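To start, the structure under review is shown below, and the notes come after it.
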Amino acid sequence: MDPPSDDQPLFDPSSLAAARQRSTIDFDDGDGKYHLRPLRSTDFARGHLDLLSQLTVTGDVDRKTYADTFAAMKANAGTYYIIVVEDTHRDRIVASGSLVLEKKFIHSCGQRGRIEDIVVDSDCRGKRFGKIVVQHLIALACILKCYKISLECKDSNVNWYSSMGFVSEHGNSNYMQIRFEESVN
């Protein structure tokens, strides 16, 4: 698979624009320094992997491997939705989060979403970027007609995700979800 040759978004930005309309939290950066958008094929150079390494081990990923992985995700249109907050003054990614969709035969051949890899750069914490990313992923999942979204988190993050509507399930406080069934059908 050939890597992308230009600065293309992972998914159609109009989906994120629609999610912005539906999100419970506004992202208005008065001076235009920060921009909420889909991941782009060129975000390797903007430190996307450096940011993810603040969350977990990323391994030794070079530009070509990153581009190949991006191309594979883009080729599976409708499955991967990664959004980022870019600091346009520093040309750096400072927050990121993923929504991965899974097609199902249950719920009228519906789909569920899984939120993963929520991370905010250590220099930008306290600016609500994590909450902005998660709220936009929730709105995006609703627009994409997921019957539910779920995530797993550390004990220390349970209350934070609860504040955005996630509830713990099955006696496991670290497995959390939001069900949309009533609003989707």
Side-chain angles (χ1 to χ4, degrees), residues 4 6-43 46 48 51-52 69-88 91-121 124 127-153 160-167 176-185:
D6 59 351
D7 190 20
Q8 56 183 301
L10 182 60
F11 63 93
D12 182 352
S14 67
S15 299
L16 186 56
R20 260 186 125 135
Q21 298 292 321
R22 189 174 187 131
S23 176
T24 60
I25 190 168
D26 189 28
F27 185 67
D28 180 18
D29 176 44
D31 68 359
K33 180 176 181 179
Y34 298 104
H35 181 61
L36 182 71
R37 61 170 175 77
L39 182 72
R40 291 186 186 147
S41 57
T42 54
D43 283 338
R46 291 183 187 92
H48 184 233
L51 175 66
L52 290 173
T69 301
F70 182 94
M73 288 178 166
K74 188 163 179 69
N76 285 291
T79 301
Y80 298 98
Y81 296 84
I82 301 174
I83 62 175
V84 298
V85 175
E86 178 185 2
D87 178 334
T88 59
D91 196 29
R92 299 292 294 171
I93 303 301
V94 296
S96 181
S98 304
L99 172 67
V100 180
L101 300 187
E102 177 186 2
K103 305 279 186 217
K104 306 290 253 181
F105 286 107
I106 60 175
H107 297 276
S108 302
C109 289
Q111 59 188 2
R112 72 174 289 222
R114 182 159 179 82
I115 291 181
E116 297 187 334
D117 304 332
I118 304 300
V119 61
V120 176
D121 186 275
C124 293
K127 296 180 185 238
R128 300 178 37 171
F129 290 155
K131 199 162 244 193
I132 288 165
V133 166
V134 171
Q135 288 294 335
H136 281 80
L137 291 173
I138 292 168
L140 190 56
C142 197
I143 287 167
L144 296 169
K145 302 202 180 309
C146 291
Y147 66 87
K148 78 174 179 179
I149 54 175
S150 63
L151 58 82
E152 292 177 34
C153 65
W160 187 73
Y161 284 109
S162 293
S163 74
M164 291 180 275
F166 285 90
V167 295
M176 304 184 79
Q177 65 180 352
I178 296 174
R179 290 190 171 271
F180 297 120
E181 290 181 272
E182 294 78 26
S183 63
V184 173
N185 294 331

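Being a predicted model, the structure only gives us computed values, none of them experimental.
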Within-4.5 Å side-chain heavy-atom neighbours: L39 and Y80: no

Whether S96 side chain and V119 backbone form a donor-acceptor pair below 3.5 Å: no

Derivation and outcome, side-chain contact (heavy atoms from CB on, under 4.5 Å), residues L101 and C146: CA-CA 8 Å; L101 300 187; C146 291; 3.4 Å; yes

Results of salt bridge (charged side-chain N to carboxylate O under 4.0 Å, His left out) for D121 - residues two or more places apart only: none

Working for side-chain contact (heavy atoms from CB on, under 4.5 Å), residues E86 and R40: CA-CA 11 Å; E86 178 185 2; R40 291 186 186 147; 4.2 Å; yes

Set of residues satisfying ring-ring contact (aromatic ring centres under 6.0 Å, His included) with respect to F166, sequence neighbours excluded: Y161

From NZ (K74) to OG1 (T69), nearest 0.5 Å: 15.0 Å

Identified side-chain hydrogen bond (donor to acceptor under 3.5 Å, both in side chains) counterpart of D43 within the set H48, R92, R37: R37

Full working for side-chain contact (heavy atoms from CB on, under 4.5 Å) between I82 and M73: CA-CA 10 Å; I82 301 174; M73 288 178 166; 4.0 Å; yes

Check: F70 and T42 side chains under 4.5 Å, non-hydrogen atoms: no

Name of the residue among L99, I178, L140 meeting side chain to side chain contact (heavy atoms under 4.5 Å, CB included) with I115: L99

Distance, nearest 0.5 Å, that separates CD of E102 from CD of Q111: 10.0 Å

H107/K148 under side-chain contact (heavy atoms from CB on, under 4.5 Å): CA gap, chis, key distance, verdict: CA-CA 10 Å; H107 297 276; K148 78 174 179 179; over 6 Å; no

pair V100-T79: side-chain heavy atoms closer than 4.5 Å: yes

Gap between atom CD1 of I149 and atom CD1 of I138 - 0.5 Å precision: 4.5 Å

Closest contact, heavy atoms only, M176 versus S162: CE-OG, 3.3 Å

D87 side, atom CG; K127 side, atom NZ - distance, nearest 0.5 Å: 8.0 Å

Nearest-0.5 Å distance that lies between atom OG in S150 and atom CZ in R179: 9.5 Å

Residues in salt bridge (charged side-chain N to carboxylate O under 4.0 Å, His left out) contact with E116, at least two apart in sequence or another chain: R114

Smallest separation among heavy atoms of G130 and V120, with atom names: N-CG2, 3.4 Å

Interatomic spacing from CG in N76 to CG in L10 - rounded to 0.5 Å: 10.0 Å

Closest heavy-atom pair and its distance - Y81, G78: OH-CA, 3.3 Å

Shortest non-hydrogen contact between P9 and P38, atoms and distance: CB-CB, 4.1 Å

Atom of Y147, atom of K104 and distance for their closest heavy-atom approach: OH-CE, 3.5 Å

Heavy-atom pair with the smallest gap, counting every atom of F129 and A95: CB-CB, 3.8 Å

